[in-house]
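Reading through the structure tokens given below for one structure.
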Amino acid sequence: DNGDKLVSAPEQERLDTLAQFGLSVNLPKMKTDLERYKIHYDNWFYESALHESGYVKETVDLLTERGWTYEKDGALWLRTADFLRDHFRKQGKKEADIEKLDLKDDVLRRANGFYTYFAADIAYHRNKFAVRGFDRVINIWGADHHGHVARLKGALDAIGLDGDKLDIVLMQLVKLLRDGEVVRMSKRTGKAISLSGLLDEVSVDAARWYFNAKPDTQMEFDLGLAVREDSENPIYYVEYAHARICSLLRTLGEENVSVLAQADVDMSLLTGEAERALL
């Protein structure tokens, strides 16, 4: 639509136009893929809103007021190493072990005046707890961010919030297998296969079952097993059991026999070994 009018436009205008175009294409695609996977987000929060509202600066200023920052080489640094030492002491770690961790401070504002991703991350979680009133926050991160967990929790403590109310689940990498062989990744990027591409091969329920089974351990996703229609495939086994249960309930209904809703059943009575085995 722009033709060549961006060729002579200022750099920032070109960047803004390209960013808006990317958002207009990618966000609807992401939402469509997630809805297909049975995930619906009530709120899509833009990091830019934190910067535009001044909330990132306000959060960094709060850390400064509490004595957790200092300036060096033109940048503003967070005393991450100090509050991490306190964090590990509370966990019962020995001083000698803490010193071996080689803890380092983090930059919050670069010498060029731009705030770092870590500063925005602290502000975002402050917003969730202090503004939107969440009493518990659960994050899903890639395993390569494990070193960031204690830092963020400590930063929340430093601004007067409870870092222990933040739960972080670290997702491990997934290896796709077909017929015992590792599946080649995307030919286009050479790095990854998309969720939508995976759902073209296996059912949504199968994908959700395998991914949610052990998210914190590296797993092998067997594409062949995920589509097998026998008891070797756990999702097929569960779906078959569900179908049998529905059939039983339908038959009982035809015989005018009512079955209690799950909420009305006292599950605490099911304590026998035979009962547990049946479940």
Can you list the steps and then say if Glu201 with Arg178 is a salt bridge (Lys or Arg N to Asp or Glu O under 4.0 Å)?
CA-CA 11 Å; Glu201 294 202 37; Arg178 182 184 286 113; 2.4 Å; yes

Report yes or no: do [X] and [Y] form a side-chain donor-acceptor pair below 3.5 Å?
X	Y	answer
Asp16	Gln20	no
Arg126	Thr59	yes
Tyr70	Asp105	yes

Crowded around [X] [atom1]? As in, over 12 foreign heavy atoms under 6.0 Å?
X	atom1	answer
Glu229	CD	no
Lys57	NZ	no
Phe21	CZ	no
Asp179	CG	no
Phe134	CZ	yes
Lys93	NZ	no
Gln262	CD	no
Glu275	CD	yes

Parallel, tilted or perpendicular: which describes the rings of Tyr236 and Tyr240, with under 30° parallel and over 60° perpendicular?
parallel

Between Phe118 and His148, what is the ring plane arrangement, given parallel below 30°, perpendicular above 60°, and tilted in between?
perpendicular

Can you pull out every salt bridge (Lys or Arg N to Asp or Glu O under 4.0 Å) where at least one residue sits in residues 155-175? Sequence neighbours excluded, please.
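Those involving residues 155-175 are Arg136-Asp167.
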
Closest heavy-atom pair and its distance - Leu50, Ala120
CD1-O, 3.7 Å

Any side-chain heavy atom of [X] sitting closer than 4.5 Å to one from [Y]?
X	Y	answer
Tyr237	Glu232	no
Tyr124	Val56	no
Tyr210	Val202	no
Leu103	Thr80	no

Counterpart residues, side-chain hydrogen bond (donor to acceptor under 3.5 Å, both in side chains), relative to Tyr115 (two or more places apart)
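Testing Tyr115 for side-chain hydrogen bond (donor to acceptor under 3.5 Å, both in side chains), a comparison that skips the adjacent residues, returns none.
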
May I ask you to say whether Lys38 pairs ionically with Asp205, meaning some side-chain N is under 4.0 Å from a carboxylate O?
yes

Does this structure show an ion pair linking Asp33 with Arg36, if we count only N-O contacts that are shorter than 4.0 Å?
no

Within 45° cone of Trp77 ring axis and under 6.0 Å: Lys104 NZ or CZ:
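Because its charged atom misses either the 6.0 Å distance or the 45° angle limit, Lys104 does not stack over Trp77.
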
In the hydrophobic cluster built from side-chain contacts under 4.5 Å, what are the other members alongside Val257?
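Direct or chained contacts put Val257 with Ile245, Leu249, Leu252, Val259.
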
Spacing of CD belonging to Glu47 relative to OH belonging to Tyr55, to within rounding of 0.5 Å:
14.5 Å

